[in-house]
Amino acid sequence: MSYKPSIPKGTRDFSPDVVNKRSMIFNTIRSVYDLYGYQPLETPAMELMETLTGKYGAEGDKLLFKILNSGDFLDGTNRDDLPDITSQKLSPLIAEKGLRYDLTVPFARYVVQHRNEITLPFKRYQIQPVWRADRPQKGRYREFYQCDADVIGSTSLTNELELIQIIDAVFSRLGIKVTIRLNNRKVLMGLAEAVGLGDRFTGFTIALDKLDKVGLEAVINELRALGIHPDKEVLLISLLQSGDKPDQLISKLRELFHGSESGRLGLEEMEKLFSLLDTVTPGNAVEPDITLARGLNYYTGTIIEVVARDLQFGSLCGGGRYDDLTGIFGMPGLSGVGISFGADRIFDVMQELHLFPEGQIDGPKVLFVNFGGADELYSLKALEYLRSHGIPSEMYPEAAKLKKQIAYADARKIPYAVLAGETEREMGTYTIKNMHNSTQQSVTLDQLAELLRK
RNA sequence: GUGGUUGUAGCUCAGUCGGUUAGAGCGCCAGAUUGUGGAUCUGGAGGUCGCCGGUUCGAACCCGGUCUUCCACCCCA
């Protein structure tokens with residue numbers, strides 16, 4: 001009756017060392033969110049299926065984890081129909097709940113449900129796991145953490161600015177050099193119209209988005225298949241190839257968009273945002289990228305994506321503006337803009353670039369060696385004193401061989417060991433050993449606390 | 001979801017043509033050293049060869065299925 005223990009595909013255990021490193025990332029993001037005045041929110045891991053379905057497109061619906069109803073899950077079905085029922089029809093009858101797919105939709109649900117309690121504009125952050133039944137790959141998991149911040153109830157572009165400042169601050173603090181790419185869905189619409197693909201918008205953006213992956217030729221081929229106007233190909237190519245500065249690109253686009261209302265609006269927004277950015281001068285590069293089109297399902301204005309400069313990896317953070325997310329829950333006309341950090345990918349990148357500090361991140365500063373008997377009591381008193389002064393410390397739980405206890409401190413990367421045996425006890429002192437350089441000195445309890453406080 | 005890939009000790013990996021008792025390095029445990037970790041030496045423990053089935057006198061090795069890993073597509077943090 002023994003089986004080999006394992007965990008579901010795409011999920012992971014986090015060992016102590018990893019939890020400490022991950023906490024560092026979460027704490028960094030949380031403290032920046034706090035600094036900018038965002039308020040914390042948590043929502044349930046599971047939502048009603050009706051909340052989740054239809055929000056992420058047909059592909060997204062397939063990636064939802066559904067939860068089988070409790071009790072007899074066939075209760076809600078007519079058993080006579082079961083032999084020829086389709087899975088699409090059966091699914092809602094036996095699974096009313098599902099695991100959340102992102103944090104934005106639960107947030108929209110929350111805003112509508114609590115509309116009378118919240119003051120607009122409402123700035124919230126949320127750091128919780130989400131689940132997607134995707135095929136796992138590197139940097140791609142079925143359970144992963146998102147760290148969202150959204151502002152809802154304000155159309156001002158200073159919100160976009162603030163979110164970009166947050167992104168800049170978080171990655172600077174973590175030591176990751178990034179490029180922040182900006183686009184605007186209205187600009188994309190203007191482009192599509194300008195090349196005669198206004199009615200093939202989705203196909204147009206999907207093709208465009210692949211540029212950095214498959215190259216210019218493949219993109220053009222795909223656009224030809226969509227029926228791009230041949231005269232416009234050259235125009236588009238010149239836009240895609242040039243390494244224009246933001247203002248050069250914008251003036252090119254302005255010419256292109258004189259016939260497109262949408263394009264003009266989008267361009268105005270982009271210009272305004274870049275001029276706002278000029279006043280704050282972020283440390284990381286912020287670039288316009290007219291090929292950026294991801295996460296398009298509900299974005300209507302600004303689109304944001306962040307990638308690491310020193311490493312080819314998926315995006316570390318994404319976001320954008322959505323004009324009417326709460327409309328589907330019965331509260332129209334509320335505009336929001338938000339971002340989401342992918343903590344798991346940030347972890348992977350930091351690991352690969354060796355950006356985590358060496359040695360212990362968190363944990364005890366000192367290990368008391370246990371000599372048993374009266375010596376043990378002598379150490380216990382000192383332990384209590386150190387802890388009451390906020391110094392994380394522990395004692396080896398049994399009077400094992402000294403070699404073993406010192407090796408334990410070494411394995412745990414505890415920087416100091418205290419030896420307090422008969423000699424020390426009689427003199428009222430403590431021998432503290434620096435594990436790094438093996439030096440030892442004899443000190444009083446107060447001196448010990450003073451030394452460890454550093 | 002489609003196509004491919006991977007799996008042998010805690011970790012990284014050998015393992016010949018299908019042939020007797022499946023190996024190495026690192027790590028772990030014990031000792032050399034009864035108040036001192038990392039270095040060295042000696043000894044030791046540790047395996048359902050991912051799992052299930054098939055072919056064969058005989059399978060870590062061949063075949064089928066399945067799970068897992070990673071990759072491409074799709075999509076995305």
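Since the model is a prediction, treat every value here as computed from it, not as a measurement. Side chains are part of it too, since the values below use all heavy atoms of this structure and drop only hydrogens, waters and symmetry mates. Each chain gets a letter, A, B and so on, in the order its sequence line appears, and its residues count up from 1.
- You'll find the ring centres of A:Phe26 and A:Tyr145 inside the 6.0 Å limit.
- Nucleotides B:C57 and B:G15 have their C1' atoms positioned 23 Å apart, rounded to a whole Å.
- No option in A:Asp209, A:Thr302, A:Thr205, A:Leu188 other than A:Leu188 meets the side chain to side chain contact (heavy atoms under 4.5 Å, CB included) test with A:Asn183.
- Between B:C74 and A:Lys210, a contact under 4.0 Å exists linking OP1 or OP2 to a side-chain N or O.
- One atom, CG of A:Leu367, and another, P of B:G35, lie 17 Å apart when rounded to the nearest Å.
- The interatomic distance linking A:Gln128 (CD) with B:A77 (C1') rounds to 16 Å, in whole Å.
- Side-chain atoms of A:Glu424 and base atoms of B:G35 include a donor and an acceptor less than 3.5 Å apart.
- Taking 4.5 Å as the limit, some side-chain heavy atom of A:Phe171 sits within range of a side-chain heavy atom of A:Val306.
- In summary, the side chains of A:Asp61 and A:Thr53 do not present any donor paired with an acceptor at a separation below 3.5 Å, with no hydrogens or angles considered.
- Distance check on atom P: B:C61 versus B:G54 gives 14 Å, rounded to whole Å.
- Looking only at side-chain heavy atoms (C-beta outward), A:Tyr141 and A:Asp348 come within less than 4.5 Å of each other.
- Nucleotides B:G50 and B:C11 place their P atoms 13 Å apart, quoted to the nearest Å.
- Using C1' as the reference atom, B:U69 and B:U33 are 45 Å apart when rounded to the nearest Å.
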Expected rows: protein N/O vs nucleotides 67-71 of chain B N/O, under 3.5 Å:
{"unit_1": "B:U68", "atom_1": "OP2", "unit_2": "A:Lys9", "atom_2": "NZ", "d": "3.4"}
{"unit_1": "B:U69", "atom_1": "OP1", "unit_2": "A:Gly10", "atom_2": "N", "d": "3.2"}
{"unit_1": "B:C71", "atom_1": "OP2", "unit_2": "A:Lys138", "atom_2": "N", "d": "2.2"}

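- By the 4.5 Å heavy-atom criterion applied to side chains, A:Tyr408 and A:Ile406 are not counted as neighbours.
- Remark: RNA chain B forms stems of 3 or more consecutive Watson-Crick or G-U wobble pairs, all pair distances under 3.5 Å, at B:1-4 with B:70-73, B:10-13 with B:23-26, B:28-32 with B:40-44, B:50-54 with B:62-66.
- The P atoms of B:G43 and B:U6 are separated by 38 Å, rounded to the nearest whole Å.
- Rounded to a whole Å, the CZ atom of A:Arg22 is 17 Å from the P atom of B:A77.
- Using cut-offs of 30° and 60° on the angle between ring planes, the pair A:Tyr110 and A:His114 is parallel.
- Rounded to whole Å, the distance from CG on A:Asp375 to P on B:U34 is 18 Å.
- Closest to the side chain of A:Lys401, from the set B:C74, B:A77, B:G31, is B:G31.
- Note: A:Tyr378 and A:Tyr430 have parallel aromatic rings, judged against thresholds of 30 and 60 degrees for the angle between ring planes.
- Both A:Leu316 and A:Lys62 lie close to RNA chain B; mapped to their nearest nucleotides by heavy-atom distance, the more 5′-ward contact belongs to A:Lys62.
- Comparing the P positions of B:G38 and B:C52 gives a spacing of 41 Å, expressed to the nearest Å.
- Taking 4.0 Å as the cut-off between side-chain N and carboxylate O, A:Arg22 and A:Asp344 count as a salt-bridged pair.
- Remark: the A:Lys403 side chain and the B:U36 base include no donor-acceptor N/O pair separated by less than 3.5 Å.
- Taking the six-membered ring for Trp and the full ring otherwise, the centers of A:Phe368 and A:Tyr396 sit at least 6.0 Å from each other.
- A:Asp150 and A:Tyr38 form no side-chain donor-acceptor contact under 3.5 Å, judged by distance and modelled atom types alone.
- Take the nearest nucleotide of RNA chain B for A:Thr423 and for A:Phe144: the residue whose nucleotide is more 5' is A:Thr423.
- Comparing B:G64 with B:U56, their C1' atoms sit 16 Å apart, to the nearest whole Å.
- Across all strands, A:Ile206 comes closer than 4.0 Å only to sugar-phosphate atoms, never to a base (heavy-atom distances).
- Note on A:Lys433: every side-chain N or O is 4.0 Å or more away from OP1 and OP2 of B:G35.
- If you check every strand for non-hydrogen atoms under 4.0 Å, A:Gly314 touches nothing.
- Remark: A:Lys404 is in phosphate contact with B:A30, judged by side-chain N or O atoms under 4.0 Å from OP1 or OP2.
- Distance check on atom P: B:G58 versus B:G19 gives 15 Å, rounded to whole Å.
- A:Tyr408 has its OH atom 20 Å from the P atom of B:G27, to the nearest Å.
- Straight-line distance from the CE atom of A:Met435 to the C1' atom of B:G35: 14 Å, rounded to whole Å.
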Report the C-alpha separation of A:Phe356 and A:Phe347 in whole Å, then their side-chain angles, then the decisive distance to 0.1 Å, and conclude whether the ring pair (Phe, Tyr, Trp, His ring centres under 6.0 Å) test is met. CA-CA 9 Å; A:Phe356 288 112; A:Phe347 177 90; 5.4 Å; yes

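- If you check every strand for non-hydrogen atoms under 4.0 Å, A:Asp102 touches nothing.
- Considering only side-chain atoms of A:Ile406, the nucleotide from B:C74, B:U36, B:C76 that sits closest is B:U36.
- Residue A:Phe371 contributes atom CZ, which lies 12 Å from atom C1' of B:U34 at whole-angstrom precision.
- By the stacking rule of 5.5 Å between ring centres and under 30° between planes, A:Tyr145 does not stack on the base of B:A77.
- A:Asn437 has its CG atom 14 Å from the C1' atom of B:U36, to the nearest Å.
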